[in-house]
There are 2 protein chains.
Amino acid sequence: MQAVRAHLIHSPERGRIERIEDALVSFDAAGQIVRVADGNSAPANIDLRSQGVLLPGLVDLHIHAPQFPQLGTGLDVPLEDWLSKYTFPLEARFADLTYAAFVHDALVRRLLANGTTTAVYFATIHGPSSLNLAETCLRLGQRAFVGKVAMDLAGACPDYYRDSDAAASINETADFIKAVRAMPGNDLVEPIITPRFIPSCSDDALAGLGELAASTGAAVQTHCSESDWEHGFVLNRMGKTDASALDEFGLLTRRSVLAHAGHITDADMDLIAERGAGIAHCPLSNAYFGNAVFPLRRALAKALHIGLGTDISGGHSAFLLDNARASVTASRMLEEGVDPSKDAANRGVDASRIDFRDAFYMATKGGAEVLDLPVGAFKAGLQMDAILVNLVDDFGPVEDLLQKIIMRATPAEITQTWVAGKCVSAPMVHPDQSV
Amino acid sequence: MQAVRAHLIHSPERGRIERIEDALVSFDAAGQIVRVADGNSAPANIDLRSQGVLLPGLVDLHIHAPQFPQLGTGLDVPLEDWLSKYTFPLEARFADLTYAAFVHDALVRRLLANGTTTAVYFATIHGPSSLNLAETCLRLGQRAFVGKVAMDLAGACPDYYRDSDAAASINETADFIKAVRAMPGNDLVEPIITPRFIPSCSDDALAGLGELAASTGAAVQTHCSESDWEHGFVLNRMGKTDASALDEFGLLTRRSVLAHAGHITDADMDLIAERGAGIAHCPLSNAYFGNAVFPLRRALAKALHIGLGTDISGGHSAFLLDNARASVTASRMLEEGVDPSKDAANRGVDASRIDFRDAFYMATKGGAEVLDLPVGAFKAGLQMDAILVNLVDDFGPVEDLLQKIIMRATPAEITQTWVAGKCVSAPMVHPDQSV
C-alpha cells in the first residue's frame, strides 16, 4: 500500500468539479485507489502539495502512432488526398521494425511526458510493428488500447499498403488480439479491433471483424462520418450512414470508439447512445480534415459518451490539453459563426458552446467512460492514474486554477505522470523506473 | 562586433521562406546586423548549429500587460460585460505600483522566454504603472511599444477606472511620451498613443490624441471593429466605422496598430491600406470576443500590413506561436464553415485559407512592417532579434522543420531569445545578463 498526499482537482461527473485541498490518496500494489481521505489522516509516502496540483491523467482516445514523424505537417490537402500523398507511404515504412520501434519509443515517452496516461492507438497493418507498439506501452507504463489496422479493399487502399484480403484482415486481427493478451505481465494494454474506416474495408472484412468483436469481447475503433467526402462515400456505397452501417456489421458496441463523427445525424446520435458507443472528438484535426465543427453540445445533451483525441497527425499537437482548449474554442466558433459579412443572427448555431469544465471532463472521466475503464477521477475502486501540474505565473485565486490549467498549461508544466500507481514520467525520473 | 554561427530560417518577404544552412550573422555593438555570410567565412563568437535553428524573434502586436494575472480565465461573457466584470477591476489594481511591478516583471520574463522579442503593450490608465512597464522592458531587454491607456468617457468607463476628463487623457499621454523617451539608455522602448477604443473615449480626447500623434510622431494603437457590439456601437455613435472615425481624428497613420479588425468593411481595408496603418490579428481572442473570423486572406490580398497578437488576456495564451497556428486554423474554419447541417457549398467562405508560411511571416517580418521597425529577418541593416528553436521529436526532412515549428513548437522548445544582439533569455542565462 502506498499513499500520496496532494491537492486534488477532478470531475467525477460531467458538470461537477471537485477541489480537495490536502488529500491523501491510498492505493494498492495494483494501482487501485483504496481510499481518498484527509491529508493528515495517515502517513504519506510522498507529499506533492508544494509541487502543484494533482489531476486525473489525460485520456487520449485517438492517436495514429505511425503518423508521429509527420506531426505538424501535411495539412495542405483534404483527407482523401492526404492519405495517399503523405500518410500511407509513411505508415508503410513500419514494415521496418527497427524504424517502428524507434518511433514508438519516442511517441510513448512524449505522450507520457505530456500527461497522457491512457492512449488509444491505431498502429499499422503490420502485425509485428503493432505488437511492438503494445510492448512499448507496457514497458514504459502507459495504459493503452492498440489496434492493428485492418484495410483490405483493393482500389481504395494502395497495393503497397493493404491487407491481402478480407481473411487476412480478420485473421491477422485475431492473431494480434491473442498476442497482446498473451504479453507477459500485461495489466495495462488491451487489443482493439481497428477497421481503418468503411471506405478502406470490404464488406466481408467489416462483417468478420464484427464477429470477432462479439467472440473476443475486444473493443473496436474506427473513423466515423469524418468529412464531407468520407460521410458521402459511405452513404453512396452503403445507402446509409457510417453509424448505421457499423451497427449492422456488429461494430457499434459499448466498447466502440468512433473518431470525429462531425457529420453524424440526429438518428446516428440516438443509435450511438443506444449502443453505448463513444466518440473521440478531435477538434484540431477537424479544422483541417473535417469540413465542419462536431456539434458537441448537442451530442452531450443526448448523453453520448464523448472524450477527446489528438488525432496525431491529423491534429498538429501531441498534447491533449491543446485539444481540450480547442474543443472550447471550436464550440464558440460554431455558436458565433465565422463569416463577419453575415448578420450575427444568421452566422452561427445557437447554444453550441461548452466551457473548460466540459473540456476537463472529456479529457479525463469522459474519456474513461468511453473506454469503460476504471480511471479518470480520484475515487476508491479506480486506478491511480494522475498528473501533477505546476502552473507557472499563477497569480490568481485557487478557484481559477483549473480553468487556467485547461486553457493555458503547457507540456512543460506537466511535471509528473502516474499510471497504475507508478510515476512513469517526471523530469528527474526515467520512464523505465518507478518511484 | 560579434558573430553568431547558426542555421537560419526567415521570411524576408511574404510568401518567400529562406533557409540558410550554416550562416554567420555579424552585428555591431548596437545590435545591427552588418553581414550575413557563409558560416566559415570568419570566426564566430558563438556557434549554435548543434542546438537548433535560429528564427527571427516573434513580434506580438497586441498585449494588455495588466491582464496577465487573469490569463486563461474570464472567457464566459461577451466583451462589453467582460470589461466591467473582470478587466476594469483588475486593471484598476495597477494604481498599486508594487503589484504592477511584480506582474510586469513576470510578464516580460515570460514573453522573452516564449520568444517575443518585440511587444506592443497596453498598460493601464496610470502614468506610474505604465512607466514601470516601459522600465521593465528596458531593464530585461525587450523591444517594446508601451502605451498609457486613455479612456475618459464617463458612463462608458467606471468612475473608479478612467481619466478624469479629455484634457487628462491628452496631457497624461503627452507626459508619458516624454517620460519614456527620456529613460536613460533607452534604445528599445517607444511610447505609443493608446486610446482604448472609441466607445471609452470622448470626441475631445480622440481629437487631442490625434493631434498628439501628429506633433510627437508617436505610434498609435487602439481596438478597431472588434466585435458586433463594438462595431455597432461606433456606427451608432459616429455614423461611420471605427476606421473612418479614427482617420478623421488623425489616429490612422503609418504608425497605427489596429487590434482585431474582424468587422472592417472593404472600404475600411482600402482606407487602412492607403494610410499604411497595420492590423494586429488575434485569432484566439477573436474566437471568444470577436463574434466572427477576421477575413485575413482578403486583407492580405489588399496588401495591408498585418501581424499577430496574443491579446493577453482576451486570448488565453502568452505564446505568439499559439496564435500563429490559430491563424491558420481559423482561416480554415472560415473557408470550410462550421455548421455540418449546411451543405458544403453554403457553409464557408471560399479562398479564405492561409498556411504556416503566412503565419510565420506575420509573426516575424509582417509584425515588423506594421511597426516600421528594422527587425523580423536576418539582413544587413536590421537588428539582431532572434530565437533559437530546438524542436524535440523531429524525425523528418529539414524542409519540414519550419512547418513543424510553426504548427507545434512549445514554449520550452524556444531555448534562447536574442534582442538587439544580446541573449536576454535562455535556460542558463538570467534575463538581467547578456552573453
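Throughout, a chain's letter reflects where its sequence line sits, starting with A, and its residues are numbered from 1. Atom set for the values below is all heavy atoms of this structure, side chains included, hydrogens, waters and symmetry mates excluded. Just so it is clear, the structure is predicted and the values come from calculations on it, not from any experiment.
Between A/Pro340 and B/His263, the closest side-chain pair of non-hydrogen atoms falls below 4.5 Å.
Proximity to chain A (any heavy atom under 4.5 Å) is shown, for B/Arg325, by both the backbone and the side chain. Of the two parts of A/Ala412, only the side chain, counted from C-beta on, holds a non-hydrogen atom closer than 4.5 Å to a non-hydrogen atom of chain B. With a threshold of 4.5 angstrom between heavy atoms, B/Ala330 approaches chain A through its backbone and through its side chain. When heavy atoms are compared at a cutoff of 4.5 Å, B/Pro69 approaches chain A by way of both its backbone and its side chain. For B/Asp355, no part lies near chain A; criterion is any non-hydrogen pair under 4.5 Å. Only the side chain of B/Val392 has a heavy atom closer than 4.5 Å to any heavy atom of chain A. Interface remark: B/Thr410 contributes side-chain atoms only to the contact with chain A (heavy atom separation under 4.5 Å). Of the two parts of B/Asp76, only the backbone, made up of N, CA, C and O, holds a non-hydrogen atom closer than 4.5 Å to a non-hydrogen atom of chain A. Within the 4.5 angstrom heavy-atom criterion, no atom of B/Leu107 approaches chain A.
Per-residue counts of heavy-atom pairs under 4.5 Å with chain A were compared for B/Arg408, B/Glu336, B/Arg353; the largest is that of B/Arg408. For the set B/Gln70, B/His231, B/Glu335, B/Met333, the count of heavy-atom pairs under 4.5 angstrom toward chain A peaks at B/Met333. Each of A/Val103, A/Val328, A/Ile406 has some count of heavy-atom pairs under 4.5 Å with chain B, and the biggest count is that of A/Val328. Here A/Phe102 is the residue among A/Phe294, A/Phe102, A/Phe319 with the most heavy-atom pairs under 4.5 Å with chain B. Interface remark: of the candidates B/Thr329, B/Val349, B/Ile405, B/Thr329 forms the most heavy-atom pairs closer than 4.5 Å to chain A.
Here CG of A/Leu71 is found 10.5 Å from CG of B/Asp394. Values are rounded to the nearest 0.5 Å. Note that CD of A/Gln403 is 5.5 Å distant from OG1 of B/Thr73, once rounded to the nearest 0.5 Å. A distance of 5.0 Å separates CZ in A/Phe395 from CZ in B/Phe68, rounded to the nearest 0.5 Å.
A salt bridge is defined here as a Lys NZ or Arg NE, NH1 or NH2 lying under 4.0 Å from an Asp or Glu carboxylate O, and B/Asp228 with A/Arg347 meets this definition. The pair A/Arg109-B/Asp393 fails the salt-bridge criterion, with no side-chain N (NZ, NE, NH1 or NH2) lying under 4.0 Å from an Asp/Glu carboxylate O.
When atom types are taken as modelled, the side chain of B/His316 and the backbone of A/Met407 share a donor-acceptor pair closer than 3.5 angstrom. For A/Arg332 (side chain) and B/Tyr288 (main-chain N/O), a donor-acceptor pair under 3.5 Å exists by modelled atom type.
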Determine, step by step, whether A/Phe356 and B/Leu75 satisfy the side chain to side chain contact (heavy atoms under 4.5 Å, CB included) criterion, reporting the C-alpha distance in whole Å, the side-chain angles of both residues, the deciding distance to 0.1 Å, and the verdict. CA-CA 9 Å; A/Phe356 71 96; B/Leu75 302 169; over 6 Å; no
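Closest heavy-atom contact between A/Val338 and B/Leu334: O-CD1, 3.4 Å.
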